[in-house]
Novice: 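This is the structure I want to talk about, given as structure tokens.
Everything quoted here is computed from the prediction, not taken from an experiment. Reminder, nothing fancy here: chain letters follow the sequence lines and each chain counts from 1.
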Amino acid sequence: MIQITQNSTNLMGFPFSNLDQNCQDGKKLAKVPFNFGKCKVCKDKATGIHYGIPSCEGCKGFFKRSVEKNEKYVCYFGFKCEITPKQRKRCKFCRWKACLAAGMSFEGIKMGRIPKIEKERARFSIDSSSNENDDDDTPREDASPPINSDSSNSQMVSPVYYSNTNSTDREPQIDTQEQNISFNFFESSSNFFNFQSILDSDLEKNRLIFTILRDRCYQLYIQYTEKYEKQYEKALRVINKIEGSLVNESIPKKVLWENFLKETFDHSKSLYAYAKQLPGFDTLCSDDFLKIINSNIFIMFGLRTHKLFIDGEHYLIHPNNVQFNRNNMYKTIGIDLTNRVLYYHAKLSSLNLTNQEISLLVPFMLTSTKSDFVDPDNIKYMNEYFKQALTYEFSLNKRTSSFISQLAQYLSFTVEINDMAMNLKYVDS
DNA sequence: ATAGCCTTGAAG
DNA sequence: CTTCAAGGCTAT
């Protein structure tokens, strides 16, 4: 359980220089409000220790509202908005991140007065923060003009760790019973998703890293599935008979094949661009990067389009508006592969994965690729981070061990599906 | 929705 | 008792 203690860094760095203001000359002077310095989130005047850190009333309230209402935010300006008293309202996403980065937490709440010893200790640590640039309140130029303020789509990043605000239930519960779950794919012996490893590691330290990984991956995932999100909405309209069926019977096999190639080509191109932006992927040399991409073309296509598999049917719409339904799949990629794909997706959708989970599965799967890489250690290292971020995400969503072993089993299908798809050839018949 | 002010209750 | 942060209230 994460706890902010007296020794915690959250209490370091207060400007306690005016501690004795009220008892100067042995007289009781009029009350001077204690100087808590600047808000660690936005640099405004701090009014006290709120949720573990010196912060202003605004950020205090913002943090509270965010957690209470399980607000979901998204940044439209590039994830690095400056949080100042003037600009803090502009981007909730970055403000929320700043709150976390500064150490705001419900675990850190403390009622009553701060013990003298604690104040003394904090006083000693002033010098550690005195080199902070205190004298510059001018709001820095914000290089994030409000482009694309279309926030109508509701896909946003969840800023909240806690699934609810029930006080006993805030912390992600990691069931120690579930510590030896192996994630058996790619190699039967690999011990993926060992819960113990996350328990052993310093969760408090890594929590922020996981959150940033998660948010970044999620933003990218949403961006690169936008096209399919529209198709999904259309599929729902078709299923609910709001729109007529998409199926255009008797499409020539050759046309279907060309559609398939075009779709695959477009997907590969955007997968390349997508993966380039994933955290850590810029550290891969181009050989390794390409190897990873090429080994995962169809696995990634499956993850990107997973929502288009509904009740055993496929609602992908190819570039020339032809639905790649079961029948057209048969004709294009063969009965065996079609059945495998549909079976895999039926299983996958039974797990009701969240978008956050899928978006972390993407880099996790990519870095799980087995091949002879130039720098295998780097890939292994990245894989470890994504694995832990994913495990953390699972624990937040209260996923059970059977969920994880099922997911592992279903994902293991993808290797063969991918290989089969890569080896497809057009045969005229 | 935000943020300043006020009340409440915990804790030294 | 006092001090303090959380949470409520309410004018913007």
Novice: Where the side chain of A/S55 meets the backbone of A/I53, is there a donor-acceptor pair that is under 3.5 Å apart?
Specialist: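 Yes: the side chain of A/S55 pairs with the backbone of A/I53.
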Novice: Please list, pair by pair, any protein nitrogen or oxygen found under 3.5 Å from a nitrogen or oxygen in nucleotides 8-12 of chain C.
Specialist:
from, atom 1, to, atom 2, distance (Å)
C/dG8, OP2, A/K64, NZ, 3.2

Novice: Which residues pass the side chain to side chain contact (heavy atoms under 4.5 Å, CB included) test with A/K97, sequence neighbours left out?
Specialist: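 Partners of A/K97 under the side chain to side chain contact (heavy atoms under 4.5 Å, CB included) test: A/F79, A/F93, A/I212, A/D215.
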Novice: Would you mind classifying the nucleic acid contact of A/G61 as base, sugar-phosphate or nothing, using non-hydrogen atoms under 4.0 angstrom?
Specialist: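 No contact.
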Novice: Could you work out, with salt bridge (Lys or Arg N to Asp or Glu O under 4.0 Å) as the rule, every residue matching A/R216, not counting sequence neighbours?
Specialist: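 If we apply the salt bridge (Lys or Arg N to Asp or Glu O under 4.0 Å) test to A/R216, skipping adjacent residues, there are no hits.
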Novice: Nearest whole angstrom, please: distance from the P of C/dA6 to the CD1 of A/I53.
Specialist: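 Going from CD1 in A/I53 over to P in C/dA6 covers 10 Å.
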Novice: Considering only side-chain heavy atoms of A/I49, which listed nucleotide, B/dA1, C/dA5, B/dA3, is closest?
Specialist: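 Nearest to the side chain of A/I49 among the choices is C/dA5.
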Novice: Under 4.0 Å: is that the gap between some side-chain N or O of A/Y51 and OP1 or OP2 of C/dC4?
Specialist: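 Looking at the OP1 and OP2 atoms of C/dC4, neither is under 4.0 Å from any side-chain N or O of A/Y51.
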Novice: Please list, chain by chain and in numerical order, all residues satisfying side chain to side chain contact (heavy atoms under 4.5 Å, CB included) with A/K276, sequence neighbours excluded.
Specialist: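 For A/K276 the side chain to side chain contact (heavy atoms under 4.5 Å, CB included) partners, ignoring immediate neighbours, are A/Y272, A/F289.
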Novice: A/S359: which residues meet the side chain to side chain contact (heavy atoms under 4.5 Å, CB included) condition with it, sequence neighbours left out?
Specialist: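 Side chain to side chain contact (heavy atoms under 4.5 Å, CB included) list for A/S359, sorted by chain: A/C217, A/Y218, A/Y221.
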Novice: Does the side chain of A/R88 get closer than 4.0 angstrom to OP1 or OP2 of B/dA3 through an N or O atom?
Specialist: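 A/R88 to B/dA3 OP1/OP2: side-chain N or O found under 4.0 Å.
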Novice: Tell me the salt bridge (Lys or Arg N to Asp or Glu O under 4.0 Å) pairs involving residues 308-325 of chain A, sequence neighbours left out?
Specialist: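 Of all non-adjacent pairs touching residues 308-325 of chain A, none passes salt bridge (Lys or Arg N to Asp or Glu O under 4.0 Å).
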Novice: Starting at atom CZ of A/R95, determine the distance to atom P of B/dA1, rounded to an integer number of angstrom.
Specialist: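 That distance rounds to 13 Å.
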Novice: Counting only side-chain N and O atoms of A/R65, is one of them less than 4.0 Å from OP1 or OP2 of B/dA1?
Specialist: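 No, outside the criterion.
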